[in-house]
> 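What follows is a structure written as structure tokens; I'll ask about it next.
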Protein chains: 2
Amino acid sequence: MTNTRYTVAIHVLTLLAYAGPEALTSEYIAGSVNTNPVVIRRILAGLRVAGLVRSQGGPGGGWQLLRAPDAVSLLEVLRAVDTETSFPLHATPPNPACPVGRSIQALLTGHFHAAQAAMERELARVSLRDLLEDVKAQPA
Amino acid sequence: MTNTRYTVAIHVLTLLAYAGPEALTSEYIAGSVNTNPVVIRRILAGLRVAGLVRSQGGPGGGWQLLRAPDAVSLLEVLRAVDTETSFPLHATPPNPACPVGRSIQALLTGHFHAAQAAMERELARVSLRDLLEDVKAQPA
DNA sequence: TCAATCCGCAACCAGAATGGTTCCGAATTG
DNA sequence: CAATTCGGAACCATTCTGGTTGCGGATTGA
């Protein structure tokens, strides 16, 4: 999770929710995110696989949200863009001849999993609708 | 947090706790972690700044844990090796002319902070002593 | 005094990841 | 048929990562 894809994905989905049923082009979306349309399409392609959005080619085409904003949690978005754990283990396996090296990975896997689960519980509590309402409540 | 330094740091500190008052050389430690001594020194240098360990040059020198194992939590180790957030924002700032682009960063900062805090609370509950006891309880 | 041991630090390296960009083909629309 | 839009491949510069080498300096103990 060193990359910014998660943040951009939430941004884009919130924008789609903001737009309602209207389809937004990757070029328009890129204007809000302030990046290149291809970067947007790359991220949205992953969200499409997850069933969150659909795309339509040709004039008048673009991207649409497939679910109600309150039916999409930030945890689901995380799962859609990132399959990696937040806590990678050793680059090369530790020495099995050392008592610590032999058991440290199994021990840490458990603790790291608990930490990540706590994080995910927090993200599961927030939906696109929450973000949308906050955006709309912002002063102009 | 894409790197493995956190895992290695916990491994090394657990090893120092296992060794008790005896000083361990970076070469010995590297043998357990299965990497290069310089990599170990780089990580331990950060832990020394955090006040967790001390180093001693010359024959018989090496690295020692400066605190009781139950006085070092996994959260403290995380803080010592990594100052970055788990949730980076956009690579370039979003478009302030867009209602979503204008407010999304502030909104996400709040939610990401809550998620990270939940993760850190979990890590704060585990100490080096917990790991040490689990290591010692492992079958030979 | 001297040799061995150990850390400290800088430099360098290959590989991977990241975000960005260009290009062209295919599908759709009207 | 022309304009629009996505799809996908290719390429790029930058940064990060873990690993490695080399050398200086400090400490220890014979």
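In what follows, chains carry the letters A, B, and so on, assigned in the order in which the sequence lines appear, proteins first and then strands, with residues in each chain numbered from 1.
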> I'd like to know if the side chain of A:S32 reaches the main chain of A:Y28, judged simply by a donor and an acceptor atom lying under 3.5 Å from each other, with no hydrogens or angles considered.
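The answer is no, because no donor-acceptor pair under 3.5 Å joins these two groups.
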
> Can you tell me how far P of C:dC6 sits from CD1 of B:I40, to the nearest Å?
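In whole Å, C:dC6 P lies 16 Å from B:I40 CD1.
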
> Is there a side-chain polar atom (N or O) of B:S55 under 4.0 Å from OP1 or OP2 of C:dG8?
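Checking B:S55 against C:dG8: at least one side-chain N or O falls below 4.0 Å of OP1 or OP2.
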
> Where does DNA chain D form stems of at least three consecutive Watson-Crick or G-U wobble pairs, each pair having both distances below 3.5 Å?
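Expected stems, ordered by start: C:1-30 with D:1-30.
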
> Could you tell me whether the side chain of B:Y6 and the main chain of A:P88 form a donor-acceptor pair under 3.5 Å?
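Here the side-chain-to-backbone pair does not exist.
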
> Mind running side-chain contact (heavy atoms from CB on, under 4.5 Å) on A:I10 and A:L13 for me, showing each step along the way?
CA-CA 5 Å; A:I10 296 172; A:L13 290 172; 5.9 Å; no

> Quick one: sort the A:F112 and A:F87 rings into parallel, tilted or perpendicular, breaks at 30° and 60°.
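A:F112 and A:F87: parallel rings.
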
> Nearest-Å distance, CG (B:L16) to P (C:dC7)?
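In whole Å, C:dC7 P lies 11 Å from B:L16 CG.
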
> So A:L123 and B:H111, do their side chains get closer than 4.5 Å, heavy atoms only?
no

> Would a distance-only check, ignoring hydrogens and angles, find a side-chain to backbone donor-acceptor pair under 3.5 Å from B:Q64 to B:R54?
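No, because the side chain of B:Q64 does not come within donor-acceptor range (under 3.5 Å) of the backbone of B:R54.
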
> Measure the distance from OH on B:Y6 to P on D:dG18 and round it to the nearest whole Å.
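About 15 Å, once rounded to whole Å.
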
> Between C:dG15 atom C1' and B:N3 atom CG, what is the distance in whole Å?
16 Å

> Test your reading of the model: is there a side-chain donor-acceptor pair from B:Q116 to the backbone of B:S86, 3.5 Å cut-off?
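Here the side-chain-to-backbone pair exists.
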
> Counting only heavy atoms from other residues, nucleotides and ligands, does the tally under 6.0 Å from CD of B:E27 exceed 12?
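At most 12 heavy atoms, drawn from other residues, nucleotides or ligands, come within 6.0 Å of this atom.
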
> Near DNA chain C, which residues from residues 21-28 of chain A have a heavy atom under 4.0 Å away?
none

> So which nucleotide from C:dC7, D:dG19, D:dG18 ends up closest to the side chain of B:R5?
D:dG18

> Quiz question: going by heavy-atom distance under 3.5 Å, is there a donor-acceptor pair between the base of D:dG7 and the side chain of A:R48?
no

> Give the B/S/- string for nucleotides 23-30 of chain C, one per nucleotide from 5' to 3', where a protein heavy atom under 4.0 Å of the base yields B, of only the sugar-phosphate yields S, and otherwise -.
-----BB-

> Please state how far atom CG in A:L44 lies from atom P in D:dT5, giving the value in whole angstrom units.
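Atom-to-atom, A:L44 to D:dT5, this comes out as 15 Å.
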
> Using atom CD1 of B:I43 as one end and atom P of D:dG18 as the other, report the distance to the nearest whole Å.
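After rounding, the reported distance stands at 7 Å.
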
> Would you please test B:K136 and B:L131 for side-chain contact (heavy atoms from CB on, under 4.5 Å) and show each step?
CA-CA 9 Å; B:K136 287 181 176 168; B:L131 293 178; over 6 Å; no

> Quick one: the side chain of A:R42 and the base of D:dG8, do they pair up donor-acceptor inside 3.5 Å?
no

> For the CG atom of A:N34 and the OG1 atom of B:T92, what is their distance to the nearest 0.5 Å?
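Going from the CG atom of A:N34 to the OG1 atom of B:T92 covers 4.0 Å.
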
> Could you tell me the separation between the CG atom of A:L47 and the P atom of D:dC6, rounded to a whole number of Å?
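Rounded to whole Å, this separation is 14 Å.
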
> Is a side-chain donor or acceptor of B:R129 paired with a backbone partner of B:D70 at a separation under 3.5 angstrom?
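No; zero donor-acceptor contacts below 3.5 Å.
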
> Hey, are A:S73 and A:R125 close enough side-chain-wise for a donor-acceptor pair under 3.5 Å?
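Looking only at side-chain atoms, A:S73 and A:R125 do not form any donor-acceptor pair under 3.5 Å.
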
> Does B:G62 or B:T92 map to a spot on DNA chain C nearer the 5' end, using the closest nucleotide for each?
B:G62

> Please report, rounded to the nearest Å, how far the P atom of D:dA10 is from the CG atom of A:N36.
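To the nearest whole Å, that distance equals 18 Å.
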
